[in-house]
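Below, chains carry the letters A, B, ... as their sequence lines are ordered, and counting in each starts from 1.
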There are 2 protein chains.
Amino acid sequence: MSQSAVSRAFTPGARISPETRRRVLEAAERLGYRPNAIARSLSTRRSGIVALIVGDLHNPFYPQALSQMAQALEAGGRRALLLTHDAGRDVQETLDAARAYQIEAAIVFPTRLNSTPPSLGDVSRGGIPVLLFNRRLPGHDDLLSVACDNHAGGRLAAQILYGSGARRLAFIGGDPETSTHQDRLRGFSEWLAGVGLSPVAAPARAFHYDWGFQATLDLHAAGERPDAIFGANDIVAIGVLDALRLLGRRVPEEVSVIGFDGIQEGGRVAYRLTTIRQPLEAMIEDALRTLDDPRPGSGPRLHPGELVWRGTVRGNPP
Amino acid sequence: MSQSAVSRAFTPGARISPETRRRVLEAAERLGYRPNAIARSLSTRRSGIVALIVGDLHNPFYPQALSQMAQALEAGGRRALLLTHDAGRDVQETLDAARAYQIEAAIVFPTRLNSTPPSLGDVSRGGIPVLLFNRRLPGHDDLLSVACDNHAGGRLAAQILYGSGARRLAFIGGDPETSTHQDRLRGFSEWLAGVGLSPVAAPARAFHYDWGFQATLDLHAAGERPDAIFGANDIVAIGVLDALRLLGRRVPEEVSVIGFDGIQEGGRVAYRLTTIRQPLEAMIEDALRTLDDPRPGSGPRLHPGELVWRGTVRGNPP
DNA sequence: CTGAAAGCGCTTACAG
DNA sequence: CTGAAAGCGCTTACAG
């Protein structure tokens with residue numbers, strides 16, 4: 001039994017007789033043999049490894065995206081190398097480290113990445129496609145990017161809230177340096193401008209529960225009494241809801257609230273948050289397809305958000 | 001410049017003159033050269049890769065643990081290969097797949113693993129140490145395990161609640177097949193027995209928010225009015241809190257609530273959940289140390305939980 | 001269809 | 001300290 005025969009037995013579609021393959025596989029089973037993927041990678045120059053780069057996993061959207069992404073990768077016979085990226089260091093460094101493992105692609109979950117990351121400039125040197133998930137980076141056309149259509153989502157939020165009768169609409173933002181924040185706010189403001197309105201307030205800081213909570217309190221302390229609040233994402237909107245409860249303002253009777261993301265937490269009985277859901281499955285599928293056939297410079301690939309009607313917006317679904 | 005020289009320049013502590021090393025590193029910098037970690041792995045037979053096997057990341061405890069674990073691994077110059085494990089498949093299969101990458105160890109986050117997993121029997125065949133994080137599997141002495149001392153934690157919960165004046169104490173469990181559930185309940189019941197009490201109720205199903213919520217509603221519908229509830233973990237306890245709020249029962253005046261885990265979510269203003277925190281950093285450190293020097297059969301390594309006093313237990317901290 | 005041989009990019013005794 | 005050579009465990013033309 002030659003080495004080649006064994007190799008071919010484990011290679012789908014290789015030229016080998018069924019009989020030989022059977023014998024090899026049988027022996028392998030008996031001996032507990034498994035081909036060494038590391039050696040195969042070296043030989044074929046294809047590691048089958050994709051780097052997943054994550055920052056903090058504070059926002060539940062990311063763990064959800066991460067585990068679904070890992071599963072999708074596995075379904076395609078690839079492996080996920082998990083790398084953490086903390087605020088202090090450069091993403092570039094992390095990427096370089098990953099490159100040593102002959103990764104075929106890298107996907108960055110930009111939990112802590114704003115629009116001016118120090119050195120994502122020549123990120124894809126070495127010919128490895130790098131994809132930003134859930135963010136676009138203006139001016140970085142060498143980066144692939146898959147995101148929700150946040151601009152359209154912002155418009156939709158405005159339309160829904162306005163349609164529910166609200167006229168004093170506030171936006172409570174996230175990290176103002178991110179495209180997610182900017183695009184959602186822009187869409188929101190633009191749509192409102194179309195009906196002669198503008199947001200009564202748009203404080204912004206971070207995509208955190210605590211910020212949504214605090215900003216809502218501050219808003220009311222300053223005398224604002226919005227009749228609708230668009231939270232920059234679900235976790236912010238959940239903070240908003242808790243603050244409103246504390247303030248004694250009834251949702252949705254007095255105030256409507258809408259979020260963005262579609263995290264499972266928003267569906268809990270305590271919140272029933274109406275939101276614009278990012279189509280995660282479609283985005284992940286698209287991301288993997290895009291990495292297989294990368295065409296940099298074509299701009300971010302946008303997916304429309306889907307309205308999830310629950311209980312925090314007054315009236316009936318449109 | 002020989003191949004050997006280059007190799008040694010990148011090997012800390014290798015016999016090489018500072019001058020040569022400098023020249024190599026400089027050239028590498030200029031050329032953008034990085035040693036191929038895959039080739040190195042093949043040569044040294046040490047991949048530096050540790051498999052992290054996760055199920056669903058529903059419970060926020062796991063993403064937190066996962067990202068901290070990945071960071072700790074990186075700090076030690078190792079890499080995390082992320083593998084998902086879904087309920088349907090055998091952990092053994094996932095482990096086998098990981099083994100192809102010459103992993104040095106595997107850490108299983110048993111989000112969906114109960115005490116009778118189909119085939120974790122000869123899991124460490126191949127000499128790769130496998131460590132269960134946050135669970136012990138009675139009868140599986142070949143598995144390493146690092147967990148919180150759930151039994152002691154259960155006792156502590158009983159003591160705290162009893163100390164706050166409660167006499168009708170309920171336990172709302174998680175997945176009853178897990179060691180985490182069983183140990184916490186056992187400790188809880190044992191301590192209560194010591195003062196002549198037993199839990200007024202101990203429904204169990206899953207470590208989910210929805211279950212904590214539903215079980216609390218059911219309990220009250222059945223006419224029980226506990227004056228204290230021990231949630232099997234924080235996410236269950238948070239469901240309990242939301243249900244109590246719906247029922248109009250005031251916390252902590254009428255009912256005290258305590259959780260287990262110490263997830264960040266419990267600290268939110270809306271909950272202020274008093275809990276027993278798992279010392280995650282210490283557990284992770286211990287896990288990595290244990291994997292470096294594995295001594296199977298020595299039983300699970302237990303870490304004491306720490307009381308985090310917030311606002312859901314009546315009275316003052318002990 | 002099958003096997004012998006070269007090569008993937010490193011590391012590491014070994015000899016100098 | 002340095003270099004030539006063998007070897008890690010695979011894959012894949014190439015010849016048969």
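For Tyr101(A) and dC10(C), the shortest distance from a side-chain N or O to OP1 or OP2 is not below 4.0 Å. Between Arg45(A) and dG9(C) there is a side-chain polar atom (N or O) within less than 4.0 angstrom of OP1 or OP2.
Across all strands shown, dA4(C) remains unpaired; no Watson-Crick or G-U wobble contact has both distances below 3.5 Å. In a base pair of the Watson-Crick type (N1 to N3 plus N6-O4 or O6-N4) or a G-U wobble (N1-O2 and O6-N3), with each distance short of 3.5 Å, dA13(D) is matched with no nucleotide.
Annotation: the span from Asp286(A) atom CG to Phe133(A) atom CZ amounts to 9.0 Å, rounded to 0.5 Å.
Side-chain atoms of Gln102(B) and Ser41(B) form no donor-acceptor pair, as typed in the model, at a separation below 3.5 Å.
Taking 4.0 Å as the cut-off between side-chain N and carboxylate O, Glu19(B) and Arg22(B) count as a salt-bridged pair. A salt bridge links Asp96(A) with Arg99(A): the distance from a Lys NZ or Arg NE/NH1/NH2 to an Asp or Glu carboxylate oxygen falls below 4.0 Å.
Side-chain atoms of Ser43(A) and base atoms of dG7(C) include a donor and an acceptor less than 3.5 Å apart. Donor-acceptor pairing under 3.5 Å, judged by distance alone, is present between the side chain of Ser4(B) and the base of dA4(D).
Using P as the reference atom, dA6(D) and dT2(D) are 22 Å apart when rounded to the nearest Å. Distance noted for atom C1' between dG16(D) and dT12(D): 16 Å (whole Å).
Relative ring orientation between His208(A) and His58(A) is described as tilted, the plane-to-plane angle lying within the 30° to 60° band.
Of the residues in residues 8-17 of chain A, those placing a heavy atom less than 4.0 Å from an atom of DNA chain D are Arg8(A), in numerical order.
Aromatic pair Tyr33(A)/Phe10(A): centroids less than 6.0 angstrom apart.
Counting only heavy atoms from C-beta on, Leu42(B) has its side chain closest to dC8(D) among dT12(D), dT11(C), dC8(D).
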